[in-house]
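These figures come from a predicted structure and were not determined experimentally. By convention in this document, chain letters (A, B, ...) are assigned in the order of the sequence lines, proteins followed by strands, and residues within each chain are numbered from 1.
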Number of protein chains: 2
Amino acid sequence: MEDSTEAVDARTRILRTALKVFASKGYAQASTREICQRAGVNVAGIHYYFGDKASLYQELFQIPERMIRPPIILDEADTSLEAGLDAWYRHIMTFVLDADSGSHMRLLFLREQVDPSGLLDVDRVGIIGLYHAQLVRFLKRHLRIEESDSALNQLAFTLVGMAMVFYVERAAIRQLTPGLMESEEDLEAVVERMACHALAAVEAERLRRTSL
Amino acid sequence: MEDSTEAVDARTRILRTALKVFASKGYAQASTREICQRAGVNVAGIHYYFGDKASLYQELFQIPERMIRPPIILDEADTSLEAGLDAWYRHIMTFVLDADSGSHMRLLFLREQVDPSGLLDVDRVGIIGLYHAQLVRFLKRHLRIEESDSALNQLAFTLVGMAMVFYVERAAIRQLTPGLMESEEDLEAVVERMACHALAAVEAERLRRTSL
DNA sequence: CTATTTAATTCAAGCGCTTGCTTGAATTAA
DNA sequence: TTAATTCAAGCAAGCGCTTGAATTAAATAG
């Protein structure tokens, strides 16, 4: 048993431990025995409280929702392009960085996005969908576009990708370029530059559209 | 047995099938029994020819090397920034698109990048490392930078990320925005815009550096 | 060319282990 | 007494891997 907080009933102890194990190993590679052992619960506990492994996993995705909501600032009408992009990357990068230390739930969501278990409703999964959709709205407003087209969607995905690579490849990035993601100041600088590059891409798209 | 080409010895039949199965399920989730069954070979075949599952997996990574080499054009001195970025994204996007139909080897490499098996030499793994390093060289030349710093490395990762999101999220992208990655013309347009956005980001970085 | 020996290959069976899950009894709380 | 919870034990299935025999191919001898 590793959950130091006593006086927590077995059910939530299972939930908390399952969250960690699923987040670190993924659904398929996580074993119910390990979850129960680390939670200090008999193996039958999962069946007793949740039915089976899949239901336990799905239960984890019932709770949060607000945890993964994209930042509201982008939807406010008076947010400038610069400020919006800056806020968005600051938000999404803390989100990404959380993955290593702290928020297992976010790691779980990201993992589900990259390597789906196949157990969740398609609607519930898409954080990328949520963030993409918000970006599209934001870009439509600032580029004064009525109907979103392929190019706009692509641009939004591109802006997502600029941040996503820092999650998917964070191990490689740390190894290849130390001093890029270590301290809090590093992250601050990264966000600032990222917003700058993103802004340039958006402006390029604006220019591209007028010249057509 | 699904390998229609007859007169292929058991060893290569195992190799070919293993490639498909590993590529579609990943190392841990792929079972030796399935590989052997689909290859039309007894389960002992893997042990007989390769020793064990891990060695078979590693054997797959002995062959290619040149398959994953980044495009040489970028290292030629007379390649312009525009032309280089365009060529680079054209190359990497066919690479990414291959993943679904055809080159299982590339899918295997990408999978190993995103979800490492832990069985490969670190040196052999890093396609992202290769591509990133080439981009850094390319950018150093065009931005006239002597020593690469955090900002330059970040920019290179950003350029990688712009393409990578189309691999990692290709399922979501296809669902969210049909008509972005279907036909050959779609891809052509995507590459063109991608290069345009990337160019803007690079120029933004150039400007950012002079204004410091 | 045939017969015999030798080596290479294929095979079914199964071992030990881990997986998710079940069960009926023991324990605790109401 | 009754209900809720915990438990050890174990089942069936899948896993990677092993084994010794059966089969086939290759090499050698008559």
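- Ring pair B:Phe61/B:Phe109: centre-to-centre distance below 6.0 Å.
- In this structure, the CD1 atom of B:Ile14 is 11 Å from the C1' atom of C:dT10, given to the nearest Å.
- Here C:dG20 presents its C1' atom at 17 Å from OH of A:Tyr57, a figure rounded to the nearest Å.
- Of the side-chain N and O atoms in B:Ser31, none sit less than 4.0 angstrom from OP1 or OP2 of D:dG14.
- In terms of position along DNA chain C, the nucleotide closest to B:Tyr49 lies nearer the 5' end than the nucleotide closest to the other residue of the pair B:Tyr49 and A:Tyr27.
- The side chain of A:His47 has C:dT22 as its nearest neighbour among D:dC17, C:dC21, C:dT22.
- Using a 3.5 Å distance cut-off with no hydrogens or angles, the side chains of B:Asp9 and B:Thr12 do pair a donor with an acceptor.
- In this structure, a donor-acceptor pair under 3.5 Å is absent between the side chains of A:Glu59 and A:Tyr49.
- Across all strands, B:Ala30 comes closer than 4.0 Å only to sugar-phosphate atoms, never to a base (heavy-atom distances).
- For the residue pair B:Ser150/B:Asn153, the side-chain donor-acceptor check at 3.5 Å is not satisfied.
- The distance from atom CZ of B:Arg11 to atom P of C:dT10 is 12 Å, rounded to the nearest whole Å.
- A straight line from CD1 of B:Ile46 to C1' of C:dC11 spans 15 Å, rounded to a whole angstrom.
- Picking from C:dC11, D:dT6, C:dT19 the nucleotide with the shortest atom distance to the side chain of B:Asn42 gives C:dC11.
- Distance, A:Arg13 CZ to D:dT6 C1': 11 Å, rounded to whole Å.
- Distances from the side chain of B:Ala44 to the nucleotides D:dG16, D:dA4, D:dT18 place D:dT18 closest.
- The distance between atom CZ of A:Phe50 and atom P of C:dC21, rounded to the nearest whole Å, is 13 Å.
- Nucleic acid contact for B:Asp52: sugar-phosphate only, since backbone atoms but no base atoms lie under 4.0 Å from a heavy atom of the residue.
- The nucleotide C:dA26 finds its pairing partner in D:dT5, both defining distances of the Watson-Crick or G-U wobble pair being shorter than 3.5 Å.
- Here the side chain of A:Tyr48 is nearest to one of D:dC17, D:dA4, C:dT9, namely D:dA4.
- You'll find a donor-acceptor pair under 3.5 Å spanning the side chain of A:Arg33 and the base of C:dG20, going by distance alone.
- Distances from the side chain of A:Thr32 to the nucleotides D:dT6, D:dC15, C:dC21 place C:dC21 closest.
- Atom pair A:Ile35:CD1 and C:dT18:P shows a separation of 17 Å (rounding to whole Å applied).
- Relative to the ring axis of A:Phe22, A:Lys53 does not place its NZ or CZ within 45° and under 6.0 Å from the centre.
- Separating the CD atom of B:Gln29 from the P atom of C:dG20 is a distance of 11 Å, rounded to the nearest angstrom.
- Residue contacts shown for B:Ala54 are absent, as no nucleic acid heavy atom lies under 4.0 Å away.
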